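Working notes, structure below.
Please read these numbers as outputs of a predicted model, since none were measured by experiment. Order of appearance sets the numbers: ligands from 1, and atoms from 1 within every ligand. Counting from 1, the numbers follow the sequence of the chain as shown.
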Amino acid sequence: MECLTYGTAGMVTTREFISMTMLRMFNDPRLRIRYLAAEEPERLAILNEVIRLEPPVAHLYRRVQARADGCPYDPGALVDIDVRQTNVYPDIFTPEPDGVCTDRQLTASERAGLSFGDGAHRCPGSHLALLETDVLVRALFDAGAVLERSPDHEFDTLVQGYQLRGFSVTFSNSAAAP
Ligand code: HEM
């Protein structure tokens, strides 16, 4: 069970996020140039913004245990949290909730919205996932990655998130390709 949990929770999500980050960087050359020139803290802040806007896990489910102040649901109700919508809530993610902005007045764990969950079961691999992404994305661009074919967007019901398939990249600097 441990292996399965880590395989799905840690591998599938990170794999899709790396692809989504590459796609965003290909489609937004200004963001790519800024990211590749930045020091690690700014690169991680950018990746936090990308994962907020593109959550690999799009739905979180919670069972209401007791009625707290302001909770409109009865105990026992199953609540489906739409992570993508939550992550652009304008009262919290201001300015430009739909844009990449690294200057928000938020704590490090708030920056990603609910993309890594929250509370006692918040993702313990969040830092690893962002570091893995940072290492691989930079290695691919260092090797001269060029977009050959944009991926098809599919939906994975297991993790309730996007799947990018048929994504092709070629390398302008083939000697340095990873
Ligand atoms: C971009 C990559 C990742 C995303 C988007 C992600 C997302 C999430 C989310 C949303 C949860 C909470 C689920 C819930 O509350 O219902 C979670 C839990 C978890 N994640 Fe991640 N995760 C990622 C990478 C990783 C990595 C790299 C690892 C391990 C190396 C990992 C291990 C886990 C584990 C073990 C849990 C369960 C924690 C618990 O129930 O206490 N995740 N993840």
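Residues Y162 and I81 fall into different hydrophobic clusters, defined by Ile, Leu, Val, Met, Phe, Trp and Tyr side chains chained together at heavy-atom separations under 4.5 Å.
Of the protein's non-hydrogen atoms, H121 ND1, 3.1 Å is the one closest to atom 39 (C) of ligand 1.
Atoms of ligand 1 lying under 4.0 Å from at least one heavy atom of P56, given by number and element, are 5 (C). Residue L128 approaches ligand 1 through these ligand atoms, each under 4.0 Å from one of its heavy atoms: 30 (C). Heavy-atom contacts of R62 reach the following atoms of ligand 1: 14 (C), 15 (O), 16 (O) (cutoff under 4.0 Å). Near L60, with a cut-off below 4.0 Å to any heavy atom, the atoms of ligand 1 are 10 (C), 13 (C), 14 (C), 16 (O). For ligand 1, the atoms lying closer than 4.0 Å to a non-hydrogen atom of T14 are 1 (C), 2 (C), 24 (C), 27 (C).
Contacts with ligand 1 closer than 4.0 Å are made by backbone heavy atoms (N, CA, C, O) of S115 only, the side chain lying farther away. Neither the backbone nor the side chain of M20 comes within contact range of ligand 1; no heavy atom lies under 4.0 Å.
Remark: distances from the non-hydrogen atoms of I51 to ligand 1 include one below 4.0 Å.
Checked against side-chain contact (heavy atoms from CB on, under 4.5 Å), Q85 has the following partners two or more places apart in sequence or in another chain: D82.
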Could you walk me through whether L78 and Y73 pass side chain to side chain contact (heavy atoms under 4.5 Å, CB included), step by step?
CA-CA 9 Å; L78 183 64; Y73 305 110; over 6 Å; no

What verdict does the side chain to side chain contact (heavy atoms under 4.5 Å, CB included) test give for V169 and E148, after you've listed the backbone C-alpha separation in whole Å, the side-chain angles of each residue and the deciding distance to 0.1 Å?
CA-CA 5 Å; V169 173; E148 187 175 66; 5.9 Å; no

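Judged purely by atom type and a 3.5 angstrom limit, R84 uses its side chain to pair as donor or acceptor with the backbone of L53. The backbone N or O of A112 lies less than 3.5 Å from a partner atom in the side chain of S115, making a donor-acceptor pair.
Within the protein, the N, O or S atoms lying under 2.8 Å from atom 21 (Fe) of ligand 1 are C123 SG.
Between E40 and L131, the closest side-chain pair of non-hydrogen atoms falls below 4.5 Å.
A 6.0 Å sphere centred on NE2 of H127 holds no more than 12 heavy atoms belonging to other residues, nucleotides or ligands.
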Sequence neighbours left out, cut at 3.5 Å: what donor-acceptor pairs do the side chains of residues 18-29 make with other protein atoms?
from, atom 1, to, atom 2, distance (Å)
S19, OG, R15, O, 3.4
T21, OG1, F17, O, 2.8
R24, NE, E54, OE2, 3.1
R24, NH2, E54, OE2, 2.9
N27, ND2, L23, O, 3.4
D28, OD1, R30, N, 3.4
D28, OD1, L31, N, 3.2

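A salt bridge (charged side-chain N to carboxylate O under 4.0 Å, His left out) check over residues 109-137, counting only residues at least two apart or in different chains, returns the pairs R43-D134, D134-R138.
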